[in-house]
Every structure is written in C-alpha cells, then in structure tokens.
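This report concerns only the one structure given below.
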Amino acid sequence: MLTPWEQPIPVLTRAPGLDKRTKRGIRMKISRRNQLVAGAIGAAMLLAPTAAFADATPSPTATTTTTTTTNKPTADQKAAYKAALDAYRVALKAWQQTRDSDRAAYKTALAAYRAAIAANKASRQQIDATFNSAVAAARAAYATATAGSPTAAARQVALNARVAAVAAATNARAAAIAALPTLPARPSVPTVAPKPTPPVKP
C-alpha cells in the first residue's frame with residue numbers, strides 16, 4: 001500500500017459539461033488532499049532526525065568501583081611504635097622541665113636586675129641631694145660673710161671658703177658615685193630548644 005506522500009497528486013483538468021459549483025467543489029477536495037499529503041511529508045521529515053539522534057545517543061555504561069585494602073601493622077611495628085612513643089613522652093617531659101626551669105631563672109634574674117637599677121637610682125638621688133645641700137650651705141655662708149660692707153680681704157676669704165666647700169662637695173659626690181655597686185647586665189631571654197617530634201603511628 002502506498003504511503004500518503006507516495007500517491008500521485010491528481011491534476012485538475014477541466015471536465016466538459018461541469019458547472020461552476022461542481023468545479024469549485026472538486027478544487028476544494030483536491031486542495032485538502034494536497035494539504036494532508038504535505039502535512040504527512042513534514043511530519044516524516046521531523047521524526048527522521050529525532051530517531052537518528054536517539055540512535056546516536058550513547059547508552060550509559062556501568063562504572064566499576066575498586067576498593068583498596070589497608071595493611072594492618074604487624075606486632076613488631078606496634079612494639080616499635082610503643083617504644084618510640086614512650087621515649088617521646090620522656091623527652092617531652094624533660095623538654096618541658098628545662099623550658100620551665102629556664103623561664104623561672106630568667107624571671108629571677110630579671111627581677112634582680114630591676115632591683116639593682118632601682119637601688120642605683122635611689123643612691124644617686126641621695127648623693128645628688130647631699131651635694132646640692134652642701135653647695136647651698138656654701139653659698140649661704142658666703143652671702144652671710146659678705147653682707148653689709150665687708151673689706152676686700154674679708155670678701156676674698158669668704159669667696160675662698162665658698163669655692164673650697166663646693167669643691168669638697170663635688171669630690172664627695174664623685175667618690176660616692178664611684179663607690180656604688182656595678183650595674184649588672186640585663187639578662188637575655190632564654191632560647192627554647194625545639195620541641196620533640198612525636199613518632200608516626202604505623
């Protein structure tokens with residue numbers, strides 16, 4: 001049986017003796033049939049690429065999963081790890097004790113250094129106060145000796161006494177500073193050794 005698009009399309013011919021109404025009916029029938037044939041051809045053309053595309057689409061392939069097996073540590077490996085872990089714990093404890101001891105010694109030395117600095121500062125302030133008091137006394141004695149209308153000789157004697165008193169105060173100040181204890185050096189921050197590395201578990 002022929003498909004709709006393989007059937008011959010009838011050709012409209014003038015039939016003798018047909019009136020206008022009959023001719024118009026024949027033309028309408030032929031036009032409908034042509035439309036049906038054209039629609040069938042268009043549907044076939046649209047379905048053909050879809051089928052080809054469906055055939056070209058690859059089918060999903062099954063994926064295979066591989067499982068990896070982990071090797072369990074042997075008894076010797078476990079024993080070696082336990083021994084290394086015990087040694088690590090001993091080394092870590094010794095490292096912590098050394099670190100704490102160095103920190104404590106540094107704190108003690110730093111406190112002693114700060115105390116020495118404070119004592120030196122206090123001693124210098126006391127020495128300076130004694131010196132200033134001696135100089136002030138020498139100046140007051142000179143002012144008293146030269147009050148009124150002293151003679152030139154008396155003024156010279158007062159001046160010499162003031163100069164001698166200031167010199168004596170200066171020498172006493174220098175001797176007192178020299179007698180101060182030597183300042184200690186500032187303690188340095190202790191260097192912490194590298195921390196022990198734990199063993200790798202097998």
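As the structure is a computational prediction, the values presented were derived from the model and not from experiment.
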Could you state the interatomic distance from [atom1] ([X]) to [atom2] ([Y]), rounded to the nearest 0.5 Å?
X: Lys201; Y: Lys82; atom1: NZ; atom2: NZ; result: 13.5 Å
X: Arg103; Y: Thr98; atom1: CZ; atom2: OG1; result: 12.0 Å
X: Ile127; Y: Asn132; atom1: CD1; atom2: CG; result: 12.0 Å
X: Gln77; Y: Lys72; atom1: CD; atom2: NZ; result: 13.5 Å
X: Ile177; Y: Asp128; atom1: CD1; atom2: CG; result: 6.0 Å

Which pair of heavy atoms, one from [X] and one from [Y], lies closest together, and at what distance?
X: Arg114; Y: Arg186; answer: NH2-NH2, 4.4 Å
X: Ala138; Y: Ala165; answer: CB-CB, 3.4 Å
X: Val192; Y: Trp95; answer: CG1-CZ2, 3.6 Å
X: Ala158; Y: Thr146; answer: CB-CG2, 4.0 Å
X: Tyr106; Y: Val189; answer: OH-CG2, 3.6 Å

Heavy-atom neighbours of Arg99 CZ exceed 12 at 6.0 Å: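 Correct, the count exceeds 12.
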Honestly curious: do Tyr113 and Leu183 fall in one hydrophobic cluster under the side-chain, below-4.5 Å linking rule?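 Yes; tracing contacts between hydrophobic side chains, which count when under 4.5 Å, links both residues.
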Cluster companions of Val157 among Ile, Leu, Val, Met, Phe, Trp, Tyr (side-chain spacing under 4.5 Å):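 Other cluster members: none.
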For Val135, which fellow cluster members are found when Ile, Leu, Val, Met, Phe, Trp and Tyr are connected by side-chain heavy-atom distances below 4.5 angstrom, either directly or through intermediates? Phe131, Val166
Is there a donor-acceptor pair closer than 3.5 Å between any side-chain N or O of Asn120 and the backbone N or O of Ala116? no
Taking the side chain from Ser123 and the backbone from Ala119, do they hold a donor-acceptor pair closer than 3.5 Å? yes
Asp100 side chain to Gln96 side chain, donor-acceptor N/O pair below 3.5 angstrom: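 Judged by distance alone, the side chains do not pair up.
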Kindly indicate, with the supporting measurements, whether the criterion side chain to side chain contact (heavy atoms under 4.5 Å, CB included) is fulfilled by Val163 and Tyr142. CA-CA 9 Å; Val163 171; Tyr142 174 77; over 6 Å; no
